[in-house]
Amino acid sequence: MPAAVPNARTSVKETSSKDANADGDLSFLPRHLGPDEKTRKEMLQTLGLESLEELVEKAVPEGLLAKHPPKLPPARSEARALSDLQRIFSQNQPVRSLIGLGYHGTITPHVIRRNILEDPGWYSAYTPYQPEISQGRLEALLNFQTMIIELTGLEIANASLLDEGTAAAEAASLAHNAAQGGSRNTLWLSPGLHPTTRAVVITRAAALGWKIISSESFPESESTHLFAAILAYPESDGLLADPRPSIQKIQSAGALSILVADPMALLLFTPPGELGADIAVGSTQRFGIPMGFGGPHAAYLATRLAYQRLLPGRLVGVSKDTSGRTAYRLSLQTREQHIRRDRATSNICTAQALLASMASMYAIHHGPAGLRAIALRIHGHARRLAKELEKLGLTILHPSYFDTLRIRGTPSALATTIKAARAAHYNFRIFSPTEIGITLDELTDDGEIDRLVGFFGGKGSGPSSPTPELAVSVARRGPALRHPVFSLHGNENEILRYIRSLSHKDLTPAQSMVSLGSCTMKLNAASELAPLGWASVTDPHPFAPEDQNSGYRTMIHDLERWLGEIIGLPAVSLQPNAGSQGEYAGLLAIRAWQHARGEMARDVCLIPVSAHGTNPASAVLAGFRVVPVNCDSKGNVDHTDLDAKLREHGPRLAAVMVTYPSTHGVFEAGIRELCQKVHASGGQVYMDGANLNALVGICRPGEFGIDACHLNLHKTFCIPHGGGGPGVGPIAVAAHLAPYLPCNPVQPVEPGRVGAVASAPYGSASILVIPWMYLAMVGTQGLSLCTRVAILNANYLAQRLSKHYPILYRGAGGWVAHEFIVDFRPFKASAGIEVEDIAKRLMDYGFHAPTMSWPVAGTLMIEPTESESREEMDRFADALISIRQEIAEIEAGRMDRMKNPLKMAPHPAADVLSDSWNRPYSREKAAYPAPWTRKWKYWPPVSRIDSVHGDRNLVCSCPSVSELAN
């Protein structure tokens, strides 16, 4: 088994990309950066500056620039970086792992790999907060939800979660929130769960004070305190038992039943809903998503409609646009962190949208009959292997199973078998010297069964049955995936056209700048993503023997070391598989450190209202009580209010969470002072790394005095957002917190330490190659140049727009950080125009709106990143300036306050080309508001979507063909 996740351990002058000797080969930089050196000088001149160095010295408060830049290896060219990484990954041994534990060999259909995984129209998109220009990926996610609803037999499913362990923990939180009465605090865990799933749930329970009971039979003595039970179906070692008797006892006790179910097995066996389960969770990894040394993979959570408002994560629903057309949107968003903060249903923001889309397309690609054939083939191979091994005198411990056999034999015989298997590059799960496990999958064929039998000293005696006998008591009675979407695209032409039709509905960075503030939509270079196609990256099992994947560990340790250098903190864990989970892990480390000092009463977490939206939800999840801290009129943390809160809660203070620069787009001068005050009160400082794109390479937050900081590798370090995931949120901590980083999920947790926060030791390990490539290609000087250009772009764009709109917050000297907030609130009184109207009108100009009404209602937060050219920023600025002129026409009475291009935006082609046009402005003004729209036009597929209708008439599965026709 692998080792536990290890601990990693002044202003700079403008660097020309031509100067390859300054920091290695900087040939990648011109492809990553938007403005070239000449353009940067011209942009600086418009700001009255001579150099990027001068800009940084003016924008960043005195004393915060790094004492020395991070020590990264010299920059490499794209070709050299790829060659070096390929050499590292050549150390991984090509091994066939039949270990199971929730990870299986699978085949990613080439049409899906090429047209989703490798298509920037899919992987570069952000979470679909602007639904009118996100209909494609919303439909793919709705397909995923429909797939899960049909497989599980439950009524509602979310649009993915991070992994199976997290899904199980979230299900337990849902059940606890649903429990009636404060005395219910006990959770029963079946011993049949994967140890990884069990570990993540136990970590959650420890922080929230739940009592864990683990027993084979129902815990009668705890029945009045039980709020939920989690059972496995099938169990980790293969047992496929009828869970109905246990479910009935659980529900009779007034608790909720949670089944962890393999979706491939559900094609053959009774769905959880029919068994009576309240909640089902699991992983869709084996639906075409490679193991990737642990991730990323899309987990699922399905439940009954009664619990829809407690559901964690994203939920796609069906609504209507203004013309009555069916349209999709994110539903019940009032559950989410940016609105409910510490009362949110979950801290999860990023999930696994890209992988969920791929899994749903895998189901569409194979169709119901094809999927069932795959499941039958896997089960048939398992039954044949069991019979062959029983002929050899081995014992199959469980008479009923799906794909996994637990095999008992003598120690000497099994040792010989394991040795033979290892020599042939096969891995099995080892329970004890007398018991091993073998899990079969989609890759298994008759030849492999013959090889496996040979390892035991036998010889295969014939092919597996394509229609094996099923356990009658739990055999599925009706077909799965009956919705037409799973049967309409049977050949490659059809599914290719379907995938392409969906991607063409969406507006993403593949078409134009997406300047979402606090989201850092920078370039995802093709060379950074190229290693995702290597078998040495996709195939390794996360729990293969350590010596088999030394290449992965070398890459991971490189990245830990580099990230620690950049942040200025000595210990890094890459296990958290989202930014929210990085927050969670960091706060758990602080909590464990406080408890280790005997400070058990410290349970208060102070959070400025300018902090990132997930912070309060993460603090609650870590067992803290949230107390807000106000901001002043300039957007800074109000130190007077901070001082008052420190005095009030001093003896109970555990931590303060702060986002730096703040989500108001300001470099605050008082960050060092804040750290000193918190430490003097006995607390720790957690810094949210959402805005690190303004710091990396020029500041090292560890030098500010912070104790912990998570990094968003899907923002600052170029992992694509994927339409809402995957993400990676490593946590970096100071030396005193290092012993409290997350543990390996299959290794014992020492008393006082923190357990696993993800199902795999290194979380979403396969996509770590992306930040490795990015940092390898930019090096120290290149990284700092990227940050300075990001600050330049933001200040350039802020200056252009400031002549037409108020910029809400600025730092000292009038400078912004890497993002800024534009205030549109005055237009509500002057023209009846809301910020939503402006966001929708931008779609007609071919732009995705910046972050809307967060962190301040009625505003847009704009972050151009370093990757956008001046030409693109000018085009975006021209769009907003043109919209301001449209508002002026309304203010002057030349356009109607209700029937105008903003209120009626966006304008899909179907409306513009309609025979009926009863609007008091021309079709040309509606569809072609700017010169560039005549050269290339993005057409929103629907008009403005009715959000209220979607929430009042909640439908979270695919509409029928007849409904779509209406």
Sub-3.5 Å donor-acceptor pair from the side chain of [X] to the main-chain atoms of [Y], do we have one?
{"X": "Tyr300", "Y": "Val281", "answer": "yes"}
{"X": "Thr203", "Y": "Ala199", "answer": "yes"}
{"X": "Glu583", "Y": "Ser618", "answer": "no"}
{"X": "Asn712", "Y": "Gly729", "answer": "no"}
{"X": "Asn92", "Y": "Gly551", "answer": "yes"}
{"X": "Arg753", "Y": "Pro739", "answer": "yes"}
{"X": "His225", "Y": "Asn185", "answer": "no"}
{"X": "His541", "Y": "Phe543", "answer": "yes"}
{"X": "Arg602", "Y": "Leu653", "answer": "yes"}
{"X": "Thr152", "Y": "Ile148", "answer": "yes"}

So which heavy atom on [X] is nearest to which on [Y], and how close?
{"X": "Leu711", "Y": "Ala732", "result": "CD1-CB, 4.3 Å"}
{"X": "Ser357", "Y": "Leu141", "result": "OG-CD2, 4.0 Å"}
{"X": "Ala690", "Y": "Thr520", "result": "O-OG1, 4.2 Å"}
{"X": "Ala544", "Y": "Asn427", "result": "CB-ND2, 3.7 Å"}
{"X": "Asn549", "Y": "Pro540", "result": "OD1-CB, 3.2 Å"}
{"X": "Pro771", "Y": "Ile767", "result": "CD-O, 3.2 Å"}

Taking the side chain as C-beta and beyond, is there a heavy-atom pair between [X] and [Y] under 4.5 Å?
{"X": "Cys718", "Y": "Lys522", "value": "yes"}
{"X": "Leu354", "Y": "Leu117", "value": "yes"}
{"X": "Leu574", "Y": "Glu560", "value": "yes"}
{"X": "Asp707", "Y": "Val733", "value": "no"}
{"X": "Tyr103", "Y": "Ile99", "value": "no"}
{"X": "Leu695", "Y": "Met687", "value": "yes"}
{"X": "Thr284", "Y": "Phe144", "value": "yes"}
{"X": "Met555", "Y": "Val769", "value": "yes"}

No-hydrogen, no-angle side-chain donor-acceptor test under 3.5 Å, [X] and [Y]:
{"X": "Thr716", "Y": "Asn693", "result": "no"}
{"X": "Thr106", "Y": "Gln285", "result": "no"}
{"X": "Ser759", "Y": "Glu164", "result": "no"}
{"X": "Asn158", "Y": "Gln145", "result": "no"}
{"X": "Arg591", "Y": "Gln594", "result": "no"}

Taking atom [atom1] of [X] and atom [atom2] of [Y], what is their separation to the nearest 0.5 Å?
{"X": "Arg309", "Y": "Leu332", "atom1": "CZ", "atom2": "CG", "result": "5.0 Å"}
{"X": "Ser215", "Y": "Glu222", "atom1": "OG", "atom2": "CD", "result": "9.5 Å"}
{"X": "Ser580", "Y": "Leu621", "atom1": "OG", "atom2": "CG", "result": "9.0 Å"}
{"X": "Ile202", "Y": "Thr197", "atom1": "CD1", "atom2": "OG1", "result": "11.0 Å"}
{"X": "Leu259", "Y": "Tyr233", "atom1": "CG", "atom2": "OH", "result": "8.0 Å"}
{"X": "Leu559", "Y": "Phe717", "atom1": "CG", "atom2": "CZ", "result": "8.5 Å"}

Checking side-chain hydrogen bond (donor to acceptor under 3.5 Å, both in side chains) for the pair Thr166/Asp163: CA distance, chi angles, key distance, verdict? CA-CA 5 Å; Thr166 305; Asp163 57 30; 2.7 Å; yes

For the pair His710 and Tyr686, evaluate side-chain hydrogen bond (donor to acceptor under 3.5 Å, both in side chains) and give the outcome as yes or no after the intermediate values. CA-CA 8 Å; His710 87 268; Tyr686 181 99; 2.8 Å; yes

Step-by-step side-chain contact (heavy atoms from CB on, under 4.5 Å) determination, Leu187 to Lys211: CA-CA 6 Å; Leu187 176 65; Lys211 180 179 180 180; over 6 Å; no

Please walk me through it: do Arg198 and Ser236 pass side-chain hydrogen bond (donor to acceptor under 3.5 Å, both in side chains)? CA-CA 11 Å; Arg198 177 185 176 84; Ser236 184; over 6 Å; no

Does Thr127 form a side-chain contact (heavy atoms from CB on, under 4.5 Å) with His721? I'd like the steps, not just the answer. CA-CA 8 Å; Thr127 303; His721 288 76; over 6 Å; no

Checking side-chain contact (heavy atoms from CB on, under 4.5 Å) for the pair Trp562/Ile567: CA distance, chi angles, key distance, verdict? CA-CA 9 Å; Trp562 298 348; Ile567 295 300; over 6 Å; no

Those residues that, when tested against Tyr660, pass ring pair (Phe, Tyr, Trp, His ring centres under 6.0 Å) (two or more places apart):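 So Tyr660 forms a ring pair (Phe, Tyr, Trp, His ring centres under 6.0 Å) with Phe704.
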
Counterpart residues, ring pair (Phe, Tyr, Trp, His ring centres under 6.0 Å), relative to Phe89 (two or more places apart):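 Result, ring pair (Phe, Tyr, Trp, His ring centres under 6.0 Å) vs Phe89: Tyr552.
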
Please evaluate residues Ser160 and Gln352 with respect to the criterion side-chain hydrogen bond (donor to acceptor under 3.5 Å, both in side chains), reporting the C-alpha separation (whole Å), side-chain torsions for both, the decisive distance (0.1 Å), and the verdict. CA-CA 6 Å; Ser160 78; Gln352 304 288 14; over 6 Å; no

Which donor-acceptor pairs under 3.5 Å do side chains of residues 290-299 form with protein atoms, sequence neighbours excluded?
| unit_1 | atom_1 | unit_2 | atom_2 | d |
| --- | --- | --- | --- | --- |
| His297 | NE2 | Pro290 | O | 2.8 |
| His297 | NE2 | Met291 | O | 3.1 |

Determine, stepwise, if the pair Arg184 / His176 fulfils side-chain contact (heavy atoms from CB on, under 4.5 Å). CA-CA 8 Å; Arg184 292 188 175 270; His176 193 264; over 6 Å; no

Basic-acidic side-chain contact under 4.0 Å: Asp237, Arg429: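 No salt bridge links Asp237 with Arg429.
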
